[in-house]
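By convention in this document, chain letters (A, B, ...) are assigned in the order of the sequence lines, proteins followed by strands, and residues within each chain are numbered from 1. Just the heavy atoms: all of them, side chains too, but no hydrogens, waters or symmetry mates, feed the values below. Quantities reported herein were computed from a predicted structural model and do not represent experimental measurements.
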Number of protein chains: 2
Amino acid sequence: MKTDTVYKQAFNAMLDLVSGVPIETPLPSENELSAALSVSRTTVRKVLGELVSRGYLRQEGRQRIVARLIPPDAHFANTETISASEQVETRFMEWMLRGDTRPGQQINELDLARQFGVGTTGIREFLNRFRRFGLIEKRPNAGWRFKGFTVDYAMELFEIRELFELRSAAVFAELDPTDPVWRELANLEAQHRTLLASIDERFQDFSDLDNRFHRFINAVLPNRFIEDFYEIISFIFHYHYQWNKQDERQRNEVAIAEHLAYIEALKSRDRRAIELACRRHLASAKQTLLNSTRLR
Amino acid sequence: MKTDTVYKQAFNAMLDLVSGVPIETPLPSENELSAALSVSRTTVRKVLGELVSRGYLRQEGRQRIVARLIPPDAHFANTETISASEQVETRFMEWMLRGDTRPGQQINELDLARQFGVGTTGIREFLNRFRRFGLIEKRPNAGWRFKGFTVDYAMELFEIRELFELRSAAVFAELDPTDPVWRELANLEAQHRTLLASIDERFQDFSDLDNRFHRFINAVLPNRFIEDFYEIISFIFHYHYQWNKQDERQRNEVAIAEHLAYIEALKSRDRRAIELACRRHLASAKQTLLNSTRLR
DNA sequence: TAGTTGCTTGTTATCGATAAAAAGCCGACA
DNA sequence: TGTCGGCTTTTTATCGATAACAAGCAACTA
């Protein structure tokens, strides 16, 4: 059976939406709500039905009116809104990166399924999707093997990353000055400066900005394989940032400075300068990952 | 329930092995057979049991003796030795590349499952693995969409291919003349010349040689992500070769000539010459794929 | 004593069923 | 006439069961 996490998430989002609206206001149409919450109208109706039956909303003809304030404890708990497959991802990454997994270790589907409280199918599906990250390996009829989050892994990952990003960065040198890309770059530069100004409080916001910045560079010449690869980078860094908090503020401040130098180089449209700034920043990012204590 | 294709394949392989041995010869140990057929001893024993019960073998103490000639019709039919997941792969590629699938088309799991005679799980698993080829796309809770085997696809594929292969080919210029790689390269060159000499009869063997040649080049500096990407190339070309037989002999003869020029360039260890030969061959390979009638 | 076989236990591949969610249909209303 | 909402149909996510296969154990033989 499917989990009803889509419903529960939509329910919570709808509560937020309704809370933001004064009492006695009529709600938008089901189609609009469906678009706003990114779920099907079927799910919207299920949520609305529940809200009406709880008396938060009142049905008047075709309209639904906000009847009273939403109690603060009406939301579903966050743990209930996580689908089985998301659950598997988080738990698996934790198992792999924080547990005592060793390179070469056998991965047991049934065992993980029980540990994570899901069916074996969910594990299999995750492992199949996860294979492309290059950390596990399959032997047909005989299960999966963990290859290890090793130094080699980080080196291979960054070799490709550099190959791709140098190719994209080089394109900037050829771009027409009227290209809308420059506006977007200026925009990103401003965001970097703003973040740098309040780095002490907001250093945790860098992870997201970093992600957007590199995706932006690689998007000048769109290629689905590069985009796919960048998902690997994002994923690895997501968990890296989450679990390696050491010197985080310091690290991010350095990275922002490198980004700004990189942006200057891009704006100069000087091939040499671009290549240098790109290499320099990626080398430092690689070092950060290599320093990660979990890497052995 | 699992299919018993492993058993059936092992059975056929064992028949071939037994046929190659004179009557009254004792068979090797179960462990040796297991290694020879790349299946577990459990499966070996199941096969041997059947062969004994059919009277092809005779148990004498601990030894199993070849008792009589294997009838030519003893093998399982090839169709019986294809596991569900292999079945799905072949049928899906046929459905996608030869049917009337259109870019943007919805892919229906249950429908395909029925069409291919497998459970829905098998289809899901295949689609998840197939996603990395960049030809399909998933919308959560709402199925898969076929993106189309388009010109853009071929362009993006070859852009990466060129990026990777130029990087590997460039390494050859730096290699020490005593490196074992040169021996291997000479070996491959000889295979090309042999094939060229009898191109009229053996032009179909090129596909395999092509695959080995490019994998060899990319292996000078091993990187799991490049190897993974090369699987995509191999896969696409596998089906391309299988279904586009037009001018095959002619095409392959040209490609061999390009390979030989490429090999010359590598041996010269001249950066410029290597880059030129590599680009030239890949451009022509791209053109071959683009000319494929199924590309729209 | 190392390698063998018979037997037992652990693990994967595959199916079918079912509730959740999406998508389609159609009359009604504004 | 186009959007809306009630209802029906289609499709996906997830589970648990089961036979096939792999791997481990222990007694045996050469």
Would you indicate which nucleotide in [options] comes nearest to any side-chain atom of [X]?
| X | options | result |
| --- | --- | --- |
| B/K2 | D/dT12, D/dA20, C/dA22 | D/dA20 |
| B/V6 | C/dT14, C/dT5, D/dA22 | D/dA22 |
| B/T120 | C/dG24, C/dG16, D/dA22 | C/dG16 |
| B/S83 | C/dT5, D/dC21, C/dT14 | C/dT14 |
| B/K46 | C/dT12, D/dG5, D/dC21 | D/dC21 |
| A/A84 | D/dA22, D/dA13, D/dT14 | D/dT14 |

Between atom [atom1] in [X] and atom [atom2] in [N], what is the gap in whole Å?
| X | N | atom1 | atom2 | answer |
| --- | --- | --- | --- | --- |
| A/R41 | C/dC26 | CZ | C1' | 11 Å |
| B/Y7 | C/dA13 | OH | C1' | 19 Å |
| B/L27 | C/dT5 | CG | C1' | 14 Å |
| B/E30 | D/dT29 | CD | P | 15 Å |
| A/R124 | D/dC15 | CZ | P | 14 Å |
| A/N108 | D/dG24 | CG | P | 12 Å |
| A/E109 | D/dC15 | CD | P | 14 Å |
| B/R145 | C/dA22 | CZ | P | 18 Å |

Using a 4.0 Å heavy-atom cut-off, does [X] contact any base of the nucleic acid, only the sugar-phosphate backbone, or nothing at all?
| X | result |
| --- | --- |
| A/G143 | sugar-phosphate |
| B/K8 | nothing |
| A/T42 | base |
| A/T121 | base |
| A/L33 | nothing |
| B/I107 | sugar-phosphate |

For [N] and [X] - does any side-chain N or O of the residue sit under 4.0 Å from the phosphate oxygens OP1/OP2?
| X | N | answer |
| --- | --- | --- |
| A/T5 | C/dA20 | no |
| B/R139 | D/dA13 | no |
| A/S85 | D/dA13 | no |
| B/S40 | D/dC21 | no |
| B/N31 | C/dT4 | yes |
| B/S29 | C/dG3 | no |

- Would you say the ring centroid of B/F92 lies under 6.0 angstrom from that of B/F116?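 No, they do not, as the ring centres are separated by 6.0 Å or more.
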- Strictly under 6.0 Å, is that where the ring centroids of B/F237 and B/H240 end up?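 So the answer is yes for these two rings.
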- Derivation and outcome, ring pair (Phe, Tyr, Trp, His ring centres under 6.0 Å), residues A/Y239 and A/F235: CA-CA 7 Å; A/Y239 284 99; A/F235 189 87; 5.0 Å; yes
- Message: Would you say B/S85 and B/R129 are linked by a side-chain donor-acceptor pair, where the criterion is simply a distance under 3.5 Å?
- Response: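 Side-chain D/A pair, B/R129 to B/S85: absent.
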- Flag yes if more than 12 heavy atoms outside B/R114 fall under 6.0 Å of its CZ atom; otherwise flag no.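 12 or below, so no.
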- Task: Look at the side chain of B/R62 and the base of C/dT5, then say whether one donor and one acceptor between them are separated by less than 3.5 Å.
- Result: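 No such pair is found, so the answer is no.
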- Message: Check A/R58 with A/E60, please: is the shortest side-chain N to carboxylate O separation under 4.0 Å?
- Response: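 Salt bridge flag = yes for A/R58 with A/E60.
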